[in-house]
Every structure is written in C-alpha cells, then in structure tokens.
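What you see is a predicted model; the values in this text were computed from it and never measured.
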Amino acid sequence: MKKVLALCLSALLCVSLFAGCGKKSFDSVLTVDGTPITPGIYRLYQSIAYTEASRSVPDASKDMFSQKIEDKSVSDWIYDRTVSLLQSFVYFQREFDRLKLSFTEEEQKQMNETIESEWKEVSGVYEKNGVTKEDFTIYDESSFKVQKVFLDSCSDLSEEQVKDFFNKNFALITYTQLPLMDSTGNALSEEAAKKVAAIAEKALAETKDGASFMEAALPAITDAYKEAGFDITSYKPENFVMRTYLNLDNEDGKNALGETVSKVDVNNIGMHKADGQYYVLFQRLENYSSQDEFEALKLNVLLEMRSDEYNAKAEPIYKAYEIVADSAAVKYYDPKKLDLTEPPVNSAASALTPDEDTTASSSSAASSEAASGASSAPADASSK
C-alpha cells in the first residue's frame, strides 16, 4: 500500500490509551534531528506503534512480546516504528512552518472544538499517566498540519483535473449481493445456484423494463437468501443494500467488479458474478451530487493522485533525521508498560483510516506509513 502520507495521518488519527510511567521525570526521551520529543508525545506515538505490532505478530493468541516481527523482537520493532512516526511528525511540523502555512479562523475554531471534545473523552486516562492536554493538543493539531502541507503540494492542480481523475478512476455504486453460498459457507447445490441466478437475471431484466434499483433488488434479496437457506426474517431487505466507492483500476486483474462497473454508464444498473460466491446487482451513481460533497472527498482524491510522488520526496528527508536517544528514558518508557485495555480513540482530524494493510476493494481505506497514504477509494464521508 502507499507509503508516506497516510502513516503520519494515520499516526495522528490513531490515539491508543496507555498505562502509567510512575513518578520519574525526563525532559525528553530522544531528539529527532535536534528536536526534543517529550515523554507525552513519545508515549502517544509509541501507543500507535504498539497497536500496529499487536496486529502484526504471527499469533495473536500468544503473548505479543514473546514473538518477533520482521526478525526483530516486538519491543525493538515498536521502538523503530515509534521513531519512524516521530521523524515524520517532526518533518511535517517543520514543513508547515517553512511554507508559512496557517489556519483560518474557522479552521482554528473547528480544530479547537475537536481537541476539546476528544480531550474530555480521554483526559482521565491520559492525565493519570502523565500526558498533558498540551501534549494531546500538539499531537492532534499535527494532523491538521499534515493536511495543509500536502494540500499545498497539490496547489498546481486545477479543480477540473481533480474531478476528471476522480470520475475516471472511481465509481459510486449502490449494490446488493445475492448469495451462491449457504449460511455455512458451502457452495449451493447446482439446482439452488440456478434458481439464484434466475432471481438475479429477473431483477436485472426488471430494471431494463423500467423498475428502479430498489424495486428490483428488494424482492430479489428476499428470494435469493431464502433459496440459499438463510433466515433473514428479522431483517429488512433494505439492510442488505449498501453504498460504496469502487476503484475501477483492474491492471492486476484482481478487480473484476471494478472492470464491470466501468462499463456501465452513470445511473444505469448492472450485474456481476463474483468468484462463484455471489451475484452483485448494482447501480452506478454520480460520484458527487454537489460541490460540497466533492470538497468533502477532495483530500482523498488528491492522495490517490499525488501521495506516491510526495512520499518519494519526503521520506528520504525525514528518514535521514538523526535520532539521539536518552537510553534511560527509552528503557523507562518500556512498551510493556502500555495498557491498551481501553478502546482506542480515533481522532476525527483526517479523512484517512489507519490500517496500512487495508485493500478496500470497494470502500474507503487509507493506508499508513509515517506520513503517507492514500486509500483504495475515496471516503464516502470526509474529514474534519
């Protein structure tokens, strides 16, 4: 997945809760190219690295710290990851200042409101573990700065260019899936599969005769799931209708649905058989119905257009930042002391999502790596 802009963004988004550090005091844990990193900021980014590690160990049922990631002990992996996050953090702070960027009054107000709201939710946990509101504010504000810096790098692109890229590479669809497998995951019998196929074909034919997508899809959902042996009587058929953005790129041959959708005009209805597991009945929609909707999606579209290029320039710079660690402080802030029993608090500061391994064959997903990222598809809803 894409490697530079989403990690910083995801890093900035993904606040995990952690345990206490006792009463010992350090002014900083390490410096990044001469910039001191306070214990609070270090702990915040360390918690992100910890969360990533917990998803990366070979066996989630075993003690995380008894395993290895990329031939490193988990503690070493978390430290290296924390350092990478902090390098990108420092880079974007400096770029924001170098470019003389600033926030409008409205942006500042929105940012302050977000920080206040999030701090009220997490302050009890953070304060008792030595993280101040000032630490949290710096951490949260940095996500806004990342967006500002990246958007500045895209200032040469016209709105027409961005919309053209969006419409050529992504499609918004309303869709439902008609199953070719039963509730146990086994393929339907040949007879049952033929009946589901007939249900799907009938629904598609009805739309060609003038029925709306929902008029054709809802009876098909009821009939197909019943034929496949599912009991959906406690659900409404509408519960099985979804909306998502779909990446239309099929250069690797792994996005057959995207290729099918690309051949259907906007507002038209189509059908796709997906790997013998289900039929997808879909209607292609306009990617946005207003300028406001487009503006809400614009950041993710720009990430798709420019993140690789931006990352290629930024990463060598921040990866070269010298790290001077206070070994006693690093030892003291051992990741084994982190307590993530509370659910993570996801900052609303960005349109990107934090999972680096998300592929999002349909909906939005942003990847992450020290400041990078772009989703496989723009988010249906937007950022701050």
Item to check | Test side chain to side chain donor-acceptor pair (under 3.5 Å) applied to Q147 and E107, step by step | outcome: CA-CA 12 Å; Q147 290 186 24; E107 288 170 337; over 6 Å; no
Checklist entry - Should K194 and S189 count as side-chain neighbours, where that means a heavy-atom distance under 4.5 Å? => result no
Checklist entry - Any side-chain heavy atom of I221 sitting closer than 4.5 Å to one from L218? => result yes
Check [X] against [Y] and note the closest heavy-atom contact, atom names and distance.
X	Y	result
Y42	I37	N-CG2, 3.8 Å
A171	R284	CB-NE, 3.6 Å
V266	L285	CG1-C, 3.7 Å
T222	I232	CA-CD1, 4.2 Å
A200	M271	CB-SD, 3.4 Å
D326	F26	OD2-CD2, 3.9 Å

Same apolar cluster (I L V M F W Y, side chains within < 4.5 Å links), [X]/[Y]:
X	Y	answer
I317	V32	yes
V83	V146	yes
M242	L281	no
I41	V29	yes
V280	L178	no

Item to check | Y45/Y139 aromatic ring centres below 6.0 Å | outcome: yes
Checklist entry - Given the side-chain rings of F240 and Y225, with only the six-membered ring counted for Trp, is the space between their centroids under 6.0 Å? => result yes
Drop me the distance from [X]'s [atom1] to [Y]'s [atom2], to the nearest 0.5 angstrom.
X	Y	atom1	atom2	answer
E206	E215	CD	CD	9.0 Å
F170	T244	CZ	OG1	11.0 Å
K208	I269	NZ	CD1	8.5 Å
S88	Q93	OG	CD	10.0 Å
R43	I48	CZ	CD1	13.0 Å
T207	F213	OG1	CZ	9.0 Å

Checklist outcome for this item: The side-chain contact (heavy atoms from CB on, under 4.5 Å) partner of L172 among L297, N287, L246 is N287
If you count heavy atoms of other groups shown closer than 6.0 angstrom to [atom1] of [X], is the number above 12?
X	atom1	result
Y235	OH	no
E134	CD	no
N186	CG	yes
Q291	CD	yes
K72	NZ	yes
K226	NZ	no

Next on the checklist: Let's go through E116 and K120 carefully: what are the C-alpha distance in whole Å and the side-chain angles of both, what is the deciding distance for salt bridge (Lys or Arg N to Asp or Glu O under 4.0 Å) to 0.1 Å, and is it a yes or a no?
Outcome noted: CA-CA 6 Å; E116 286 295 329; K120 286 179 182 179; 5.6 Å; no
Checklist entry - With no hydrogens and no angle check, is any side-chain donor or acceptor of Q87 less than 3.5 Å from a backbone partner on Y321? => result yes
Checklist entry - Residues in side-chain contact (heavy atoms from CB on, under 4.5 Å) with Q67, at least two apart? => result V57, P58, D59, K62
Next on the checklist: For D292 and S290: C-alpha separation, side-chain torsions, deciding distance, then whether side chain to side chain donor-acceptor pair (under 3.5 Å) applies.
Outcome noted: CA-CA 5 Å; D292 285 345; S290 68; 5.2 Å; no
Item to check | Step-by-step side chain to side chain donor-acceptor pair (under 3.5 Å) determination, E106 to Q110 | outcome: CA-CA 6 Å; E106 181 59 32; Q110 187 179 26; over 6 Å; no
Item to check | Verdict with reasoning, D152 to S155, per side chain to side chain donor-acceptor pair (under 3.5 Å) | outcome: CA-CA 5 Å; D152 181 79; S155 59; 4.9 Å; no
Next on the checklist: F96 and ring-ring contact (aromatic ring centres under 6.0 Å, His included): which single residue from F150, Y91, F103 fits?
Outcome noted: F103
Next on the checklist: Under the criterion side chain to side chain contact (heavy atoms under 4.5 Å, CB included), I'd like the reasoning laid out for N169 against D249: C-alpha separation, chi angles, the key distance, then a yes or no.
Outcome noted: CA-CA 7 Å; N169 291 276; D249 179 17; 5.5 Å; no
Checklist entry - Taking only residues two or more places apart in sequence, or in another chain, which ones meet T35 in a side chain to side chain donor-acceptor pair (under 3.5 Å)? => result R94
Next on the checklist: In terms of relative ring orientation, are Y288 and F166 parallel, tilted or perpendicular, with 30° and 60° separating the classes?
Outcome noted: parallel
Checklist entry - Hey, are E141 and K148 close enough for a salt bridge, meaning a charged N less than 4.0 Å from a carboxylate O? => result no
Checklist entry - Is the shortest distance from a Lys or Arg side-chain nitrogen in E105 or K109 to a carboxylate oxygen in the other one below 4.0 Å? => result no
Checklist entry - Would E95 and L101 count as a side chain to side chain contact (heavy atoms under 4.5 Å, CB included) if you check the C-alpha gap in whole Å, the side-chain angles of each, and the deciding distance to 0.1 Å? => result CA-CA 9 Å; E95 282 297 284; L101 299 176; over 6 Å; no
Checklist entry - Going through the checks in order, is the salt bridge (Lys or Arg N to Asp or Glu O under 4.0 Å) test met by R306 and D156? => result CA-CA 11 Å; R306 285 285 182 87; D156 61 304; 2.7 Å; yes
